Chemist: 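Structure below; questions to follow.
Since this is a predicted model, take the numbers as computed values, not measurements.
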Amino acid sequence: MKRLLYFFLIAAFGIAFAQEASNPYDLKVAVTRAGDRFQVNASYEVPITACEAFAFITDYEGIKSLPGVVDSKVLSRSGNKVKVARLLEERILFIPFEMRSELEYIEFPNKALLFEQISGDTKYYKGSWRLLPEKEFTTFKYDAQVEPNSLVPSAVIEFFIKNVLRRQFESMAELASLKKSASTKPCR
């Protein structure tokens with residue numbers, strides 16, 4: 001019995017350690033349904049300043065290095081408003097799906113980024129990025145509502161959203177961490 005308990009404790013510790021080691025950015029992703037829409041809440045921590053974090057989330061064309069992002073172009077910029085055209089491609093059950101969108105962003109330097117889809121392949125997409133600076137890191141907080149425009153069953157879409165978004169946010173956190181030393185915009 002002691003051996004079984006000992007084995008269980010080692011296995012449980014190993015699993016907890018593996019989960020902790022695989023989530024160095026304290027990534028949290030929650031997807032819930034509200035009627036036809038999905039509410040997405042995510043956060044992660046990166047050891048960079050709020051200024052560096054803001055430079056990262058407003059690098060609209062640099063986002064092309066993330067998985068699933070085929071193209072992203074700034075269409076116009078006026079004051080703190082930026083219009084961006086984006087093309088995403090993902091696979092659902094081995095079938096490639098492209099999603100085009102035109103988004104309008106409103107920038108609040110070093111604090112937040114609000115966005116709303118103006119046109120595109122989803123019925124509704126609106127949300128925000130909030131930056132919460134701490135002493136040694138900045139927390140990126142993402143909140144959005146999305147309503148897909150698809151014939152794919154909603155259970156498949158929900159599975160896709162949950163799994164693809166986790167991968168996207170992990171990639172973003174890793175890329176933001178790597179960008180710290182390569183930041184080209186001066187921080188104030």
Chemist: Which residues pass the side-chain contact (heavy atoms from CB on, under 4.5 Å) test with Pro67, sequence neighbours left out?
Modeler: Arg167, Gln168, Ser171
Chemist: Between Tyr25 and Glu174, which heavy-atom pair has the shortest distance, and what is it?
Modeler: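 Where Tyr25 meets Glu174 most closely, the heavy atoms are OH-CA, 3.5 Å.
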Chemist: Tell me whether Lys81 at atom NZ has more than 12 heavy atoms from other residues, nucleotides or ligands lying less than 6.0 Å away.
Modeler: no
Chemist: With a 4.5 Å cut-off on side-chain heavy atoms, are Lys64 and Asp71 touching?
Modeler: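 Side chain of Asp71 against side chain of Lys64, heavy atoms only: contact under 4.5 Å found.
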Chemist: Kindly write out the residues that satisfy side-chain hydrogen bond (donor to acceptor under 3.5 Å, both in side chains) with Tyr60, not counting sequence neighbours, or none if the list is empty.
Modeler: Glu107
Chemist: What heavy-atom pair brings Phe140 and Ala53 nearest, and what distance separates the two atoms?
Modeler: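 Heavy atoms of Phe140 and Ala53 come nearest at CZ-CB, 3.4 Å.
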Chemist: When clusters are formed from ILVMFWY side-chain contacts under 4.5 Å, directly or step by step, what else is grouped with Leu114?
Modeler: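 Leu114 clusters with Ile106, Phe108.
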Chemist: Sorted by first residue and then second, give each salt bridge (charged side-chain N to carboxylate O under 4.0 Å, His left out) pair with at least one member in residues 124-134; sequence neighbours left out.
Modeler: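 For residues 124-134, and leaving out neighbouring residues, there are no salt bridge (charged side-chain N to carboxylate O under 4.0 Å, His left out) pairs at all.
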Chemist: I'd like to check the side-chain hydrogen bond (donor to acceptor under 3.5 Å, both in side chains) partners of Asp36; sequence neighbours left out, ordered by chain and number.
Modeler: none
Chemist: Excluding sequence neighbours, so at least two apart, what forms side-chain hydrogen bond (donor to acceptor under 3.5 Å, both in side chains) with Arg166?
Modeler: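 Residues passing side-chain hydrogen bond (donor to acceptor under 3.5 Å, both in side chains) with Arg166: none at all.
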Chemist: Can any side-chain N or O of Thr138 pair as donor or acceptor with the backbone N or O of Ile48 at less than 3.5 Å?
Modeler: yes
Chemist: Answer yes or no: is there a side-chain heavy-atom contact under 4.5 Å between Arg37 and Tyr124?
Modeler: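 Yes, at least one pair of side-chain atoms sits under 4.5 Å.
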Chemist: How close do Val46 and Ala173 get, heavy atom to heavy atom, and via which atoms?
Modeler: CG2-O, 3.8 Å
Chemist: When hydrophobic residues are tied together by side-chain contacts of less than 4.5 Å, even through go-betweens, does Val69 share a cluster with Val74?
Modeler: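 Linked, Val69 and Val74 end up in one cluster.
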Chemist: What's the shortest heavy-atom distance between Glu52 and Thr49, and which atoms?
Modeler: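 Between these two residues, the closest heavy atoms are OE1-N, 2.8 Å.
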Chemist: Is there any side chain to side chain donor-acceptor pair (under 3.5 Å) pair reaching into residues 38-47, and which pairs are they, with sequence neighbours excluded?
Modeler: Gln39-Gln145, Asn41-Asp143
Chemist: With side chain to side chain donor-acceptor pair (under 3.5 Å) as the rule and sequence neighbours excluded, what pairs involving residues 93-104 come up?
Modeler: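 Matches after skipping sequence neighbours: none remain.
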Chemist: Of all heavy-atom pairs between Ala112 and Phe54, which one has the smallest distance, and what is that distance?
Modeler: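 For Ala112 versus Phe54, the nearest heavy atoms are O-CE1, 3.5 Å.
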Chemist: Taking only residues two or more places apart in sequence, or in another chain, which ones meet Tyr142 in a ring pair (Phe, Tyr, Trp, His ring centres under 6.0 Å)?
Modeler: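 Per chain and number, Tyr142 pairs via ring pair (Phe, Tyr, Trp, His ring centres under 6.0 Å) with Phe115, Trp129, Phe169.
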Chemist: Verify side-chain contact (heavy atoms from CB on, under 4.5 Å) between Leu131 and Phe56, making sure each step is shown before the conclusion.
Modeler: CA-CA 11 Å; Leu131 301 174; Phe56 175 74; over 6 Å; no
Chemist: Linking directly or through intermediates, with side-chain heavy atoms under 4.5 Å: list the remaining ILVMFWY members grouped with Val70, chain and number order.
Modeler: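 Answer for Val70: Leu87.
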Chemist: Only counting residues at least two apart or in another chain, list the ones meeting side-chain contact (heavy atoms from CB on, under 4.5 Å) with Ala85.
Modeler: Leu75
Chemist: Enumerate the residue pairs fulfilling ring-ring contact (aromatic ring centres under 6.0 Å, His included) with a member in residues 62-83, sequence neighbours excluded, ordered by first and then second residue.
Modeler: none
